[in-house]
Amino acid sequence: MSYRAPLSEYQFLFDHVVNYSEIAAQDCFEYATNDVVAAVLNEAGHLSAGKIAPLNRNGDLTPAYLENGVVRTSPGFADGFKAIAEGGWIGMSAQPEFGGMGLPMTVTTAVNEMMAGACLSLQLAPLMSQGQIEALEHHASDELKALYLPKLISGEWTGTMNLTEPQAGSDVGALSSKAEPNGDGSFSVTGQKIYISWGDHDVAENVCHLVLARLPDGAAGTKGISLFLVPKYLPDDAGNPSETNTLKVVSLEHKMGLHGSPTAVMQFDGAKGWLVGPEGGGMRAMFTMMNNARLGVGGQGIGAAEGALQKAMVYAGERKQGRRPIENGTGTIIDHADVRRMLAVMKADVFAARAIALMCAAAIDMQSATGSTGWGARAAFLTPIAKAFGTETGMRVSEMGVQVHGGMGFIEETGAAQFYRDVRVTAIYEGTNGIQAMDLVARKLMDGGDAAFALLDEVEQFTEASREACPALAEPLWDATENLRQTTEWMLAQDALNARFAGAVPYLKAFARVLGGYVHLKAAMAEQGKGSRTKLATVYIARLLSEHVSLLSEARVGDSDLYALSADELAAV
Ligand SMILES: Cc1cc2nc3c(=O)[nH]c(=O)nc-3n(C[C@H](O)[C@H](O)[C@H](O)COP(=O)(O)OP(=O)(O)OC[C@H]3O[C@@H](n4cnc5c(N)ncnc54)[C@H](O)[C@@H]3O)c2cc1C
């Protein structure tokens, strides 16, 4: 069985969990009515299931390769990309004046997840373009916008992001790429970038690289970094690709998964480029792209989880083993308690992660519609959670998907292992999940915890209001929220950031667990505590929310136990 787009899940979430009507009521989204959005999602679902999902295995079995300096992509990928471009899906949330649809990020988040669930390695190409489009919209000159945005939005050209260098991974400030002014408004960019997703390909006629580099007088560290737009082919006066720029693909990486996505080592040798944003403002401009991409990467994790869940469900409904443990069962392994446990927690986690990603997207939409700092702070706080929890869910669910298949999970032809291999990198790129968690406990708590406490207040108020209808769900959630509140206060009281950092990952996971409980409770309340969503919420509260106890306990340990062990003691065998 192939991929099925989770349309009814999205419809439910839009209607009952993220209050999409409030977004549609904003002037700037007046055309994105509930009906229009339902039609858009339906169309994206058709494309994902019918055209994109059949390419997933091609990407895995026939990876992109380098031939005489040119990257050839997996069979069918060029057609798949063309279909995504022609459908207008790349520029869904881009500004209409440049050819975009101006749809809310909430809708784009849903569509991106579906396409990622269908074929993660192909979907990474439009995702990179979307991030670049947003960065140019916010930071590029009018000339650059006019030339590049229509081409990126239409998919005639694609975008990449070039941060990473061998010595500069998480520590972007350590980069050594340089840019020299040419005296005519352009710059010459020189340096090597590694791991560049879709760094080159044959699915579109030009590749536009956003490259971080340092100007001659650029200070050390992140403050001295500027951002440059460096196309593979320099546009002529009519804006068509002409002269080849002085940049090349040195090699493609051999990877654990995501084989259909060409991951390139790029060499820039005085390549011509143009400044995006002010000199020294590169990190700020790149963060626009990275924040967009972080939510998108969270969606990749959720998409992979959905694909893995669907595959596991089918297998569990067909495979017969052991005696029937229940009356009126199906006679297949889905009757066994442990298999049912795995499937139920997989489904419960996919729902939670998807709803959290949509909460983040909805906050971004409300912030851009209203300009409210409250919505902005909420979006900023939720972004690392959506990224890390979405990708953790992808890893956890796809790992369980392999387990549900037993030995067949380890055999490649089922495709269960591909989800597991492909999704693994999502916890690493766009800032590792460890870096996301550090961002949460440091920068995102710099407001004294206002954004965090506003979310916790909201959860507690809803929990109070649900106590009568759903006491078995509301009471444990209220306790968990109070525990999280106390741990947030503990975090804020730690002046030594390293004490926070030692507990950052469990803290982020616990925050996600509580938000997951909140969205499950909302789902249960939407059916007055009676029905299948309430049953799924019950699984979540009993089996997954309960993890918050150990997570929050670990979050508050501090760092002394870790440093009490020396590096030599850790290495001892
Ligand atoms: C398939 C793939 C595609 C990619 N695509 C792109 C792309 O398109 N563009 C691009 O620019 N990059 C890309 N990357 C690079 C990716 O973003 C980096 O790999 C990632 O940011 C981590 O950097 P690193 O690999 O150097 O690991 P390191 O930074 O060396 O990290 C190693 C470990 O140390 C931890 N760590 C590092 N610093 C700290 C710290 N200060 N505190 C606590 N822990 C820390 C990390 O969390 C990690 O666990 C891609 C990578 C892969 C594998």
Side-chain angles (χ1 to χ4, degrees), residues 59-60 63-64 71 120-132 135 158-177 191-201 207-213 221-222 225 227-228 230 249 251-266 268 282-283 285-287 289-290 292-294 296-297 300-301 304 384 387-388 391-392 395 421-443 497-505 507-508 559 562-563 567:
D60 198 40
V71 173
L120 197 66
S121 56
L122 175 59
Q123 186 263 346
L124 186 54
L127 187 68
M128 291 288 99
S129 288
Q130 285 172 359
Q132 183 167 122
T158 65
T160 70
M161 55 193 292
N162 287 247
L163 289 83
T164 310
E165 298 180 9
Q167 77 297 346
S170 303
D171 183 8
V172 181
L175 65 77
S176 62
S177 289
Q192 190 174 87
K193 297 286 178 177
I194 60 170
Y195 303 143
I196 304 309
S197 296
W198 285 88
D200 190 50
H201 55 74
V207 187
C208 307
H209 302 284
L210 271 185
V211 185
L212 285 179
T222 49
I225 295 174
L227 184 64
F228 301 89
V230 186
V249 177
S251 59
L252 291 186
E253 304 293 355
H254 297 281
K255 310 193 292 291
M256 170 182 174
L258 213 67
H259 296 151
S261 163
T263 308
V265 175
M266 301 293 307
F268 297 85
M283 282 310 290
M286 194 55 123
F287 259 111
M289 179 163 187
M290 280 161 59
N292 177 309
R294 282 177 177 176
V297 170
Q300 290 191 319
K387 193 276 179 180
T391 58
E392 287 281 336
M395 291 194 299
R421 288 184 290 101
D422 283 359
V423 80
R424 186 61 186 84
V425 72
T426 61
I428 296 169
Y429 61 30
E430 285 312 322
T432 64
N433 286 3
I435 297 290
Q436 303 300 319
M438 289 163 65
D439 176 46
L440 188 73
V441 300
R443 257 163 38 99
L497 274 183
N498 230 27
R500 295 190 195 184
F501 290 158
V505 165
Y507 176 78
L508 182 151
D559 60 345
L562 300 176
Y563 292 100

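Counting convention: from 1, in listed order, for ligands and their atoms alike. No hydrogens, no waters, no symmetry mates; every other heavy atom, side chains included, goes into these values.
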Visitor: Can you give me the closest heavy-atom contact between Thr160 and Gly199, atom names plus distance?
Guide: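 In this case the closest contact between Thr160 and Gly199 is CG2-CA, 4.1 Å.
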Visitor: Looking only at atom types and distance, does a side-chain atom of Gln436 sit under 3.5 Å from a main-chain N or O of Glu430, one as donor and one as acceptor?
Guide: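 Indeed, once roles are kept as given, a pair shorter than 3.5 Å links the two residues.
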Visitor: So, the side chain of Glu165 versus the backbone of Ser176: is there a donor-acceptor pair under 3.5 Å, distance only?
Guide: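 Between the backbone of Ser176 and the side chain of Glu165 there is a qualifying donor-acceptor contact (under 3.5 Å).
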Visitor: At less than 4.0 angstrom from any atom of ligand 1, which residues have a non-hydrogen atom? List them by chain and residue number.
Guide: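 Heavy-atom contacts below 4.0 Å: Met161, Asn162, Leu163, Thr164, Gly169, Ser170, Tyr195, Ile196, Ser197, Lys255, Thr263, Val425, Ile428, Tyr429, Glu430, Thr432, Ile435, Met438.
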Visitor: What I'd like to find out is whether the side chain of Gln300 reaches to under 4.5 Å of the side chain of Val423, using heavy atoms alone.
Guide: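 They are not in side-chain contact.
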Visitor: Arg421 vs Asp60, test: side-chain contact (heavy atoms from CB on, under 4.5 Å). Steps then yes/no.
Guide: CA-CA 10 Å; Arg421 288 184 290 101; Asp60 198 40; 2.7 Å; yes
Visitor: So with a 6.0 Å cut-off around OH of Tyr429, is the heavy-atom count from everything else above 12?
Guide: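 Enclosed.
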